[in-house]
Amino acid sequence: MTTLTDPPKESFRLSMLIYDTRYRSATIQVVALMGFMLAAAWLINNAITNLNTLGKPISLAFFTEPASYDINQRLLDYNSRDSHLRAAFIGLLNTLVVAVLGCITATILGVIIGVLRLSKNWLVARIMTVYVEMFRNVPVLLWIVLAMAILIESLPAPRAFRGENPEATMSFFDTIAITNRGVYIPEALFSNSLGNIHLFGASSMRFDVSLDLIAFLVVLIGGLFVSRKIKQSADKVQEETGVRPTTWWKRLAVVLVPIGVLFAILGFHLGYPELKGFNFTGGTHMRNSLIALWLALSLYTAAFIAEIVRGGILAISHGQTEAAGALGLRPGRIMSLVVLPQALRVIIPPMISNYLNLTKNSSLAIAVGYMDITGTLGGITMNQTGRELECVILLMAVYLLISLSISLVMNWYNKRVALVER
């Protein structure tokens, strides 16, 4: 009589880390990780040692020193006696302004141009083709400089608005002045302002937040939340009865009416620009550097987005268009209700890269004198303090954080619009 017994278990040997396929891949990864960490540690230690030898140990204390330079375009109060930290923050806000304005404008133009490239009108389609090929094959820096030159040379000087018979006049019922020094638009003012809240006590580190802005954002977010609830209720009624109730006026009212009431309480009014002396005063001044950078980045990126939109539309089966047409839908409604919603799953992923490129291309702002984060933290602050390593690392971290934030938001939106398979 024989008995079956399990084969003896093989004992672990160090050689198995290399020769046994069960452990080999893990061994290679661990060794590679350790090598990378050792190399990084050597580089960091070498940099710290050399900086200490030069008498420049790594420190962020320079942020509290006075910046001693001006920033011409800014959203918040700033003067040359403020700290380098505040100057860097003002530059960051300028970067975000250009990035947001550029992404919105480039998206609108890109979608329109991409759709028109597929137009059956031969002339319109060819004009859009020329636009796309012209803008995307010329470096964006040249477009920025060209836009700045056009604004400076073609627009009238402030003195042209002076006199009984001026050479130039203000636009839109004398509320907007377009000059070669920039565009002056009305600014929002409040006679019953709630004031500001101070987040930091030190004058060099002061950061004031407008309570008027906080109140506006709270009311706006609340109105949008209620509007969303109304939409969800209408969707539920439509699913149950097949008839969708008319709710657009309710959704519009719950957003606009509370804002109007808030503005009335705060005493909202507009401050208009006026010509005094050699220049305009009052209103909001959008300098040519901001406008040139905004337009150039938008037009340049729109050329790439247009091709993405065109490719996304062509990826949709032509049978979808024919089926929608058979139901009696017009071409415009077919595009907005049938084609584009399905094309979004193809359009959005590559569009994220163009948003990131636009944001990073905004670092070319110094070419036209626009003080963004590169011009402040990575420019004047770095030159004045001599803190090259700290400034460059922080600048890289800022752009990395902005890029990851854009990717996070767009990927979230991409999941929202993705087709749900049954």
Side-chain angles (χ1 to χ4, degrees), residues 97-148 150-151 290-321 324-325 329-365 402-403 406-407 409-419:
V97 166
V98 171
V100 172
L101 292 177
C103 288
I104 294 174
T105 308
T107 301
I108 296 174
L109 292 177
V111 172
I112 294 175
I113 295 169
V115 172
L116 292 180
R117 280 210 65 187
L118 299 173
S119 173
K120 295 181 180 179
N121 187 307
W122 183 89
L123 181 60
V124 171
R126 293 303 177 271
I127 292 176
M128 295 300 104
T129 300
V130 171
Y131 168 88
V132 169
E133 297 300 332
M134 181 177 63
F135 271 93
R136 71 175 185 172
N137 287 297
V138 176
V140 64
L141 178 60
L142 298 182
W143 289 118
I144 295 174
V145 175
L146 177 62
M148 186 67 174
I150 292 175
L151 292 176
L290 168 61
I291 299 175
L293 185 66
W294 172 23
L295 290 179
L297 291 178
S298 300
L299 295 174
Y300 178 79
T301 307
F304 293 90
I305 293 179
E307 288 299 276
I308 295 173
V309 172
R310 185 175 71 93
I313 293 175
L314 292 177
I316 305 303
S317 173
H318 190 63
Q320 297 282 335
T321 304
L329 294 178
R330 295 182 178 181
R333 303 291 289 176
I334 293 175
M335 181 62 66
S336 61
L337 298 178
V338 179
V339 178
L340 282 180
Q342 297 184 73
L344 284 178
R345 71 183 192 276
V346 180
I347 293 173
I348 291 179
M351 191 178 290
I352 298 175
S353 299
N354 282 277
Y355 288 162
L356 298 180
N357 289 336
L358 187 148
T359 303
K360 290 180 287 187
N361 286 336
S362 67
S363 60
L364 298 171
I402 295 175
S403 298
I406 294 174
S407 298
V409 173
M410 292 303 299
N411 283 322
W412 169 80
Y413 180 72
N414 188 35
K415 292 180 181 179
R416 288 286 305 272
V417 301
L419 295 179

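When side chains are defined from C-beta on, L314 counts as touching L118, because their heavy atoms get closer than 4.5 Å. The shortest distance between side-chain heavy atoms of V339 and Q320 does not fall below 4.5 Å. Side-chain contact between N414 and P349: present, with at least one pair of heavy atoms (C-beta onward) separated by less than 4.5 Å. Looking only at side-chain heavy atoms (C-beta outward), V132 and M128 stay at 4.5 Å or farther from each other. A heavy-atom distance below 4.5 Å is not found between the side chains of L299 and W143. The closest side-chain heavy-atom distance from V309 to R117 is not below 4.5 Å.
In plain terms, the two heavy atoms of R136 and Y300 that are nearest each other are CA-CE1, 4.2 Å. Across S362 and V98, no two heavy atoms sit closer than the pair CB-CG1, 4.1 Å. L356 and S403 get closest at one heavy-atom pair: CD2-O, 3.4 Å. The two residues A302 and L109 have their closest heavy-atom pair at CB-CB, 3.7 Å. The heavy-atom pair separating S298 from A106 by the smallest distance is O-CB, 3.6 Å. The shortest heavy-atom contact between A147 and A296 is CB-CB, 4.5 Å.
Distance NZ/K415 to CD1/I348: 13.0 Å, rounded to 0.5 Å. Atoms CG and CG, on L293 and N361 in that order, are 9.5 Å from each other to the nearest 0.5 Å. A distance of 10.5 Å separates OG1 of T129 from CD1 of I113, quoted to the nearest 0.5 Å. Once rounded to the nearest 0.5 Å, the distance linking CG of L142 with CG of L364 reads 10.5 Å. Taking CG of L337 as the reference point, atom CG of L329 lies at 7.0 Å (rounded to 0.5 Å). Taken to the nearest 0.5 Å, the CG atom of N354 stands 11.5 Å off from the CD1 atom of I406.
Within 6.0 Å of CZ on R126 lie more than 12 heavy atoms contributed by other residues, nucleotides or ligands.
A donor-acceptor contact shorter than 3.5 Å links the side chain of Q342 to the backbone of V338. Distance alone, capped at 3.5 Å, is enough to place a donor-acceptor pair between the N357 side chain and the S353 backbone.
Under the ring-ring contact (aromatic ring centres under 6.0 Å, His included) criterion, Y131 pairs with F135, sequence neighbours left out.
Just one of L101, L358, T359 meets the side chain to side chain contact (heavy atoms under 4.5 Å, CB included) condition when paired with L297; it is L358. Exactly one residue among T105, V111, I112 makes a side chain to side chain contact (heavy atoms under 4.5 Å, CB included) with I108. That residue is I112.
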